[in-house]
Amino acid sequence: MSIIAIRTRSLDASSAGLPPRWGWTGVMARWSQKSIVAVAMCVSASTICGSAHAQEAAPSAKVQTEFAPGVVTAIPPAPDPKETFDGPLTLKSIINSHPEIAWQSDNHPNGEPHFEPRSRTLEEMAKQVILRREIFCFEFSFKPLRQMYLDLPRPDGRLQRKLVHYMVYRVRYRGGDLRPAVDDPDNPIYQRIESVSYSSRRFFPMLVLRDHESDRSYVDQILPVARDRIAIREQITAPLHNSVDISTVKIPRTSDESAPGVWGVATWVDVEPGLDFFSIDVFGLTNAFEQDGEGEDAPYRRKALTLNFYRPGDRMNQTEDRVRFGVPAYSDPEEQKYMLDQYGLEQRLDYTWTFR
């Protein structure tokens, strides 16, 4: 749209060298131009603000893409009430460090107190201690394990092309933590287990890939150059965390089945090319553990989620081989037994909760 301003000036004024004078039509034209410019600036500012607001609230920037059914495999949390206590245990470290708690008195026959049973002495109580704790467990979901070639930096600054195995996963906190309950504080007898929930929890993961044929284990590595490539390939629009920075994110409690959760990725390099039968142990989903006895020499095992996988393929064109979740099924009993022996199982189980 163009506006033509018509200017008129007096012949006498022009000839006298005076500045031109605007006529009524020119004044209206100049006022119209200023009004149009002001309106245009307001419209532009509103458009920019609207675009910025729309960009900030764009759901694709914060909400994860919904996948088709069957693409993401979900493993529900499995806390066990038996995991809320250990014992009775003998606290050898206490007995050895404090020998003065042993009941020794010449005034008491047979070393027994007068008014209390011997089991109520400090030494005997230290031999039958029950340790109680609160147990939580996350829901773990994952996409199929895949491979891709990436140029990874070496210590000398050069790039080296390597095959990277990776698994994209999602963690959600459903609540329902278990802990021993005391009905009477004056009489601490734990006769039941109660369920509690918190607003959020943190996840400190470690994912270990175990090759059952070579008996080798691979701990997931942090590959910053791989995260963006994997996010694009797997269509992950939510923030994708590695095994370290995911621990800085609070995982909120939710009961919504469509909740986005927190997404992470585990990567492994230098894996045996002929990998066929393997499992992935996911540590950190729960704080449950087992310990045989007490002290530094007592074996300590953490509860982990073990996912079993099978890759029918060879060393050639590894990126074309599809990794299948679960233990293969065979109609021949001998072949099925051979397959179960590879995973150390007695029956077909796609996943198990084990202490390692």
Side-chain angles (χ1 to χ4, degrees), residues 61-65 72-80 83-84 133-143 145-146 150 152-153 164-179 196-210 217-234 236-256 259-269 271 279-291 300-307 351 353-356:
K62 297 183 179 181
V63 180
Q64 170 56 37
T65 303
V72 178
T73 304
I75 308 298
D80 191 347
E83 300 167 354
T84 59
R133 55 185 174 269
E134 184 175 303
I135 297 298
F136 69 86
C137 193
F138 288 104
E139 176 194 85
F140 187 82
S141 306
F142 62 95
K143 295 191 67 178
L145 191 142
R146 303 178 69 182
L150 289 174
L152 303 180
V164 178
H165 293 69
Y166 70 89
M167 183 177 68
V168 175
Y169 60 87
R170 180 190 66 193
V171 178
R172 294 191 294 193
Y173 174 52
R174 297 298 193 181
D177 304 344
L178 301 181
R179 71 179 181 188
V196 295
S197 298
Y198 299 91
S199 60
S200 63
R201 279 195 177 274
R202 294 184 185 271
F203 180 45
F204 300 87
M206 184 179 72
L207 290 87
V208 181
L209 189 151
R210 293 186 294 113
S217 298
Y218 307 88
V219 180
D220 63 308
Q221 301 183 16
I222 307 301
L223 303 177
V225 298
R227 181 163 53 181
D228 293 339
R229 292 281 301 277
I230 294 174
I232 295 174
R233 185 183 186 186
E234 299 296 332
I236 305 298
T237 56
L240 187 63
H241 304 277
N242 57 40
S243 298
V244 174
D245 60 22
I246 196 174
S247 61
T248 63
V249 180
K250 292 184 178 180
I251 302 178
R253 178 174 59 88
T254 179
S255 59
D256 187 5
V262 178
W263 287 83
V265 60
T267 51
W268 300 271
V269 295
V271 179
S279 300
I280 295 179
D281 296 328
V282 185
F283 295 91
L285 294 174
T286 177
N287 61 335
F289 67 90
E290 286 183 348
Q291 189 172 13
Y300 178 85
R301 296 179 297 273
R302 294 182 296 168
K303 186 177 181 179
L305 172 63
T306 300
L307 307 173
Y351 70 91
W353 291 92
T354 56
F355 289 88
R356 298 187 178 276

**Item:** Note, R174 side chain near T254 side chain (heavy atom, < 4.5 Å)
**Value:** yes
**Message:** Has S200 got a side-chain atom pairing as donor or acceptor with I251's backbone, closer than 3.5 angstrom?
**Reply:** no
**Message:** Within the supplied structure, the quantity of interest is the number of heavy atoms (other residues, nucleotides, ligands) at a distance under 6.0 Å from R233 CZ; does it exceed 12?
**Reply:** yes
**Fill in**
Between the CG atom in L207 and the OG1 atom in T267, the distance rounded to the nearest 0.5 Å is 10.0 Å
**Asked** Is it true that a side-chain atom of R202 and a backbone atom of T248 form a donor plus acceptor pair closer than 3.5 Å?
**Response** yes
**Prompt:** Short question: side chain of R146, backbone of H165 - any donor-acceptor pair under 3.5 Å?
**Reply:** no
**Request:** Identify the heavy atoms of L285 and F136 that sit nearest to each other, and give their distance.
**Result:** O-CE1, 3.8 Å
**Request:** Would you mind reporting whether I246 and Y169 have side-chain heavy atoms less than 4.5 Å apart?
**Result:** yes
**Asked** Would you find a donor on one side and an acceptor on the other, under 3.5 Å apart, between the side chain of N242 and the backbone of D245?
**Response** yes
**Request:** May I have the step-by-step check of side-chain contact (heavy atoms from CB on, under 4.5 Å) for V164 and L152, ending in yes or no?
**Result:** CA-CA 10 Å; V164 178; L152 303 180; 4.1 Å; yes
**Request:** Check for a donor-acceptor pair, side chain of R229 on one end and backbone N or O of L150 on the other, with a separation under 3.5 Å.
**Result:** no
**Prompt:** For the side chain of N287 and the backbone of E134, is there at least one donor-acceptor N/O pair under 3.5 Å apart?
**Reply:** yes
**Message:** Counting C-beta onward and ignoring hydrogens, is there a side-chain heavy-atom pair between W268 and I280 closer than 4.5 Å?
**Reply:** yes
**Request:** Look up atom CD in Q221 and atom OG in S243, then write down how far apart they are to the nearest 0.5 Å.
**Result:** 10.5 Å
**Asked** With sequence neighbours left out, what residues match F283 under side-chain contact (heavy atoms from CB on, under 4.5 Å)?
**Response** M206, V208, D281, R302, A304, R356
**Asked** Got a second to check how far S141's OG is from I75's CD1, nearest 0.5 Å?
**Response** 7.5 Å
**Backbone of R201 reached by a side-chain donor or acceptor of R253 within 3.5 Å** = no
**Asked** Do you know the tightest heavy-atom contact between L240 and A231?
**Response** CD2-CB, 3.9 Å
**Message:** In the structure I gave you, are the side-chain heavy atoms of R210 and T306 within less than 4.5 Å of one another anywhere?
**Reply:** yes
**Prompt:** Can you find a pair of side-chain heavy atoms, one from P205 and one from F140, that are under 4.5 Å apart?
**Reply:** no
**Side-chain donor or acceptor of Y300 paired with backbone N/O of F289 under 3.5 Å** = no
**Request:** Check step by step if side-chain contact (heavy atoms from CB on, under 4.5 Å) holds for K143 and R170.
**Result:** CA-CA 9 Å; K143 295 191 67 178; R170 180 190 66 193; over 6 Å; no
**Request:** Take F142 and V72, measure what side-chain contact (heavy atoms from CB on, under 4.5 Å) needs, and give me the verdict at the end.
**Result:** CA-CA 5 Å; F142 62 95; V72 178; over 6 Å; no
**Message:** I need the E139 CD to L305 CG distance, nearest 0.5 Å.
**Reply:** 11.5 Å
**Message:** Using 0.5 Å steps for rounding, measure from the CG atom of L145 to the CG atom of L209.
**Reply:** 7.0 Å
**Prompt:** Can you tell if the side chain of F203 reaches within under 4.5 Å of the side chain of Y173, non-hydrogen atoms only?
**Reply:** no
